[in-house]
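Naming convention: chains lettered A, B, ... in sequence-line order (proteins, then strands); numbering from 1 in each chain. Just the heavy atoms: all of them, side chains too, but no hydrogens, waters or symmetry mates, feed the values below.
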Number of protein chains: 2
Amino acid sequence: MSKIWFLEDVNVFGALCPHKTKRYRERNHFCQYGKQDYIYFEEDAATKVYLIEKGKVKLGYYAEDGKEVVRAILTKGELFGEKAILGEESRSEFAQSLDAQTMVCPVPVGQMQELMRSNRTFSLKVYKFLGMRFKKLERRLDLLLFKDATTRVKEFLDELADDFGYCCPNTGDTVIKHPYTQKDIASLIGTSRPTLNAIMNDLKAVNFLDFSRNEIRLKVA
Amino acid sequence: MSKIWFLEDVNVFGALCPHKTKRYRERNHFCQYGKQDYIYFEEDAATKVYLIEKGKVKLGYYAEDGKEVVRAILTKGELFGEKAILGEESRSEFAQSLDAQTMVCPVPVGQMQELMRSNRTFSLKVYKFLGMRFKKLERRLDLLLFKDATTRVKEFLDELADDFGYCCPNTGDTVIKHPYTQKDIASLIGTSRPTLNAIMNDLKAVNFLDFSRNEIRLKVA
DNA sequence: TTCCAAATGTAAGCTAGCTTACATTTAAAG
DNA sequence: CTTTAAATGTAAGCTAGCTTACATTTGGAA
């Protein structure tokens with residue numbers, strides 16, 4: 001499902017990206033980041049929205065005890081910093097490059113809003129995009145409220161399959177090449193890292209899936 | 001904090017409400033609902049945003065096991081159904097009147113979006129409003145992830161104080177007259193009802209607060 | 001005024017999942 | 001090719017908070 005949205009987003013934001021227009025390119029550039037580089041920090045002024053051209057970006061924040069909390073890890077074609085459109089003034093999270101060669105295209109909020117005003121179709125797509133993010137949050141909250149850790153893992157894997165999965169032509173398994181560590185996943189679904197690991201191995205034991213460092217295979221039933 | 005927004009919302013949506021214009025009033029009316037009446041159900045087409053003129057509205061949904069889950073209870077001046085603006089097609093929750101005399105002002109999404117296009121200030125306020133709702137969700141999620149039940153109760157009471165509280169001139173206590181039952185609150189903060197009750201009585205025992213059916217007093221320190 | 005259904009109060013017993021601690025494996029950097 | 005920090009695997013012990021069950025109180029309906 002989110003796959004469908006993802007594609008629509010690409011249409012929208014691909015069309016949007018100002019680097020396609022020559023005049024803009026003269027003034028601005030894609031921004032490049034190395035591994036671990038921060039694109040923005042918590043508390044930074046929220047003046048731009050970013051489209052990922054290449055690489056991986058981690059969004060998260062630091063809890064009072066200093067522990068890093070992961071909100072999401074996004075890749076090529078995905079958008080982040082969108083709360084700036086909704087009047088956020090300072091960032092409530094950091095954005096950090098995970099790859100040695102991450103490229104993002106920054107779009108000033110003002111430009112975004114101007115486009116939304118002048119192009120009804122575009123604005124509706126942005127609304128839908130924001131609505132999706134909203135629902136995703138609500139879904140996470142509901143899972144946290146009512147589902148046990150194993151169920152949350154399975155739901156997370158389903159989402160992951162939408163974003164990164166493809167069907168293995170030989171086995172029919174869904175192969176997911178993803179950028180998450182077990183620590184990240186644990187943080188996202190609200191369990192401890194050891195618990196997540198145990199669950200993953202249980203699911204492997206019952207042949208629900210197989211996994212290695214950066215690949216998960218959901219077995220066909 | 002949310003109080004400030006609340007007031008701004010009133011400005012915006014007060015100015016917006018089409019019943020102020022005579023022509024509109026001839027065609028549409030405020031909608032009245034009795035106790036327990038549903039304003040919309042889950043799965044209903046999401047074509048309108050609603051402003052509460054009077055009374056109380058409960059938003060929630062039913063879990064698979066049939067248990068009711070409360071998302072929020074809103075009162076005069078507050079807005080709901082706003083996901084319709086963000087391209088939601090069918091409701092993911094129900095809206096139910098809690099008072100014998102609840103009045104709401106429905107605003108079609110199309111009209112809303114037209115206004116947003118034609119009035120930049122208005123659209124920015126709507127964006128900010130949506131951003132607030134977004135942050136509220138994120139805050140709830142973070143609390144659920146990292147805080148124990150007692151902390152969540154206290155945070156909830158702080159929010160409640162913003163929405164319904166006033167300072168008692170004699171004692172200096174913050175008095176909160178609210179529409180929630182303990183069951184509602186438990187559902188909102190993600191605990192069981194017995195646990196919430198125990199916590200409330202513990203907080204009463206340590207003189208942090210006092211409470212009866214529909215009033216909570218946060219004691220001055 | 002009485003009655004009833006909903007709301008609130010309370011306790012016992014159980015368990016999912018946390019914390020902590022440590023071992024093992026892996027991949028990236030020099 | 002070695003080194004090393006990060007990632008992953010595993011287990012023991014503990015506890016917050018759940019479930020269940022029941023008692024008591026309360027406000028509104030009749």
Side-chain angles (χ1 to χ4, degrees), chain A residues 34-36 56 58 60 63 65-70 73 96-101 143-154 156 177-205 209-216, chain B residues 34-36 56 58 60 63 65-70 73 96-101 143-154 156 177-205 209-216:
Chain A
K35 197 158 199 153
Q36 318 270 353
K56 296 195 281 267
K58 173 157 79 180
D65 60 8
K67 230 177 23 184
E68 178 186 280
V69 182
V70 180
I73 294 183
Q96 182 186 31
S97 162
L98 287 189
D99 279 0
Q101 293 262 326
L143 284 172
L144 217 49
L145 280 171
F146 302 112
K147 305 298 185 182
D148 65 11
T150 302
T151 307
R152 299 206 300 274
V153 170
K154 289 181 176 177
F156 175 80
K177 291 189 185 295
H178 64 88
Y180 294 91
T181 67
Q182 291 189 3
K183 184 160 141 262
D184 295 333
I185 298 174
S187 174
L188 277 165
I189 69 173
T191 66
S192 67
R193 206 263 316 154
T195 297
L196 174 73
N197 179 262
I199 290 170
M200 290 294 282
N201 281 299
D202 287 351
L203 292 177
K204 183 192 275 186
L209 54 71
D210 199 357
F211 70 98
S212 62
R213 277 275 164 125
N214 39 42
E215 180 179 314
I216 297 174
Chain B
K35 197 160 199 151
Q36 318 269 353
K56 295 195 282 268
K58 174 159 75 182
D65 61 6
K67 230 177 23 185
E68 179 185 281
V69 182
V70 180
I73 295 182
Q96 183 186 32
S97 162
L98 286 189
D99 278 0
Q101 293 262 325
L143 284 171
L144 217 48
L145 280 172
F146 302 112
K147 305 299 185 183
D148 66 9
T150 302
T151 308
R152 299 206 300 274
V153 170
K154 288 181 176 176
F156 175 81
K177 291 190 184 295
H178 64 88
Y180 294 92
T181 67
Q182 291 190 0
K183 184 160 140 262
D184 295 333
I185 297 173
S187 173
L188 277 166
I189 68 173
T191 67
S192 67
R193 205 262 316 152
T195 296
L196 174 74
N197 179 262
I199 290 170
M200 290 292 284
N201 280 298
D202 287 352
L203 291 176
K204 183 191 276 186
L209 54 72
D210 199 357
F211 70 98
S212 62
R213 275 276 164 123
N214 39 43
E215 180 179 315
I216 298 175

ask   = Below 4.5 Å, heavy atoms only, C-beta onward: do B/K35 and B/D99 meet side chain to side chain?
value = no

inquiry  = Rounded to whole Å, how long is the line connecting atom NZ of B/K183 with atom C1' of C/dT8?
reply    = 12 Å

query = The side chain of A/N197 lies closest to which of these nucleotides: D/dG9, C/dG9, C/dC18?
reply = D/dG9

remark   = Rounded to the nearest 0.5 angstrom, the CG-OH distance for A/L188 and A/Y180 is 5.5 Å

message = For a quick check of understanding: with a heavy-atom distance under 4.0 Å over all strands, which category does A/D148 fall into, base, sugar-phosphate or nothing?
response = sugar-phosphate

task = Just call it for A/T181: base, sugar-phosphate, or nothing, with non-hydrogen atoms closer than 4.0 Å on any strand.
result = sugar-phosphate

remark   = Hits for side chain to side chain donor-acceptor pair (under 3.5 Å) against A/N197, two or more places apart or cross-chain, chain-then-number order -> A/Q182, A/N201

query = So what does A/Y180 hit on the nucleic acid, given a heavy-atom distance under 4.0 Å: a base, only sugar-phosphate, or nothing?
reply = nothing

key: Any A/T191 side-chain nitrogen or oxygen under 4.0 Å from OP1 or OP2 of C/dG17   = no

ask   = Does some side-chain heavy atom of B/V70 sit less than 4.5 Å from a side-chain heavy atom of B/K183?
value = no

inquiry  = Tell me the bend of the helix from C/dT1-D/dA30 to C/dG30-D/dC1 as the angle between end helix axes, each from five pairs, rounded to the nearest 10 degrees.
reply    = 50°

remark   = Per atom distances to the A/R193 side chain, the nearest of C/dG17, C/dG9, D/dT10 is D/dT10

task = Assign B/S192 to base, sugar-phosphate, or nothing according to its heavy-atom contacts below 4.0 angstrom with the strands shown.
result = base

ask   = Given atom CZ of B/R152 and atom P of D/dG17, what is their separation to the nearest angstrom?
value = 7 Å

query = What's the CG-C1' distance between A/N214 and D/dA7, to the nearest Å?
reply = 11 Å

message = What is the distance, to the nearest angstrom, from the CG atom on A/L196 to the C1' atom on D/dT10?
response = 14 Å

request  = Measure from CD1 on A/I73 to C1' on D/dA7 and round the result to the nearest Å.
outcome  = 14 Å

query = To the nearest Å, how far apart are A/K147 NZ and D/dC18 P?
reply = 16 Å

Reported NZ-to-CD1 distance for the pair B/K147 and B/I189, which is rounded to 0.5 angstrom = 14.0 Å

request  = Find the distance B/F146:CZ to C/dT19:P and express it as a whole number of Å.
outcome  = 10 Å

ask   = CZ of B/F156 to CG of B/L143: how many Å apart, nearest 0.5 Å?
value = 11.5 Å

remark   = Winner on side-chain proximity to B/R213, out of C/dG9, D/dG27, D/dT10, is D/dG27

ask   = More 5' along DNA chain C: B/K204 or A/P194, using each one's nearest nucleotide?
value = B/K204

ask   = For residues B/D184 and B/S187, is any side-chain donor paired with an opposing acceptor at under 3.5 Å?
value = no

Interatomic distance where CG belongs to A/L144 and P belongs to C/dA16 [whole Å] = 17 Å

inquiry  = Can you see if the side chain of A/Q182 gets near the phosphate of D/dG9 - specifically, an N or O under 4.0 Å from OP1 or OP2?
reply    = yes

query = Can you check whether B/K177's main-chain N or O pairs, donor with acceptor, with B/E215's side chain at less than 3.5 Å?
reply = no

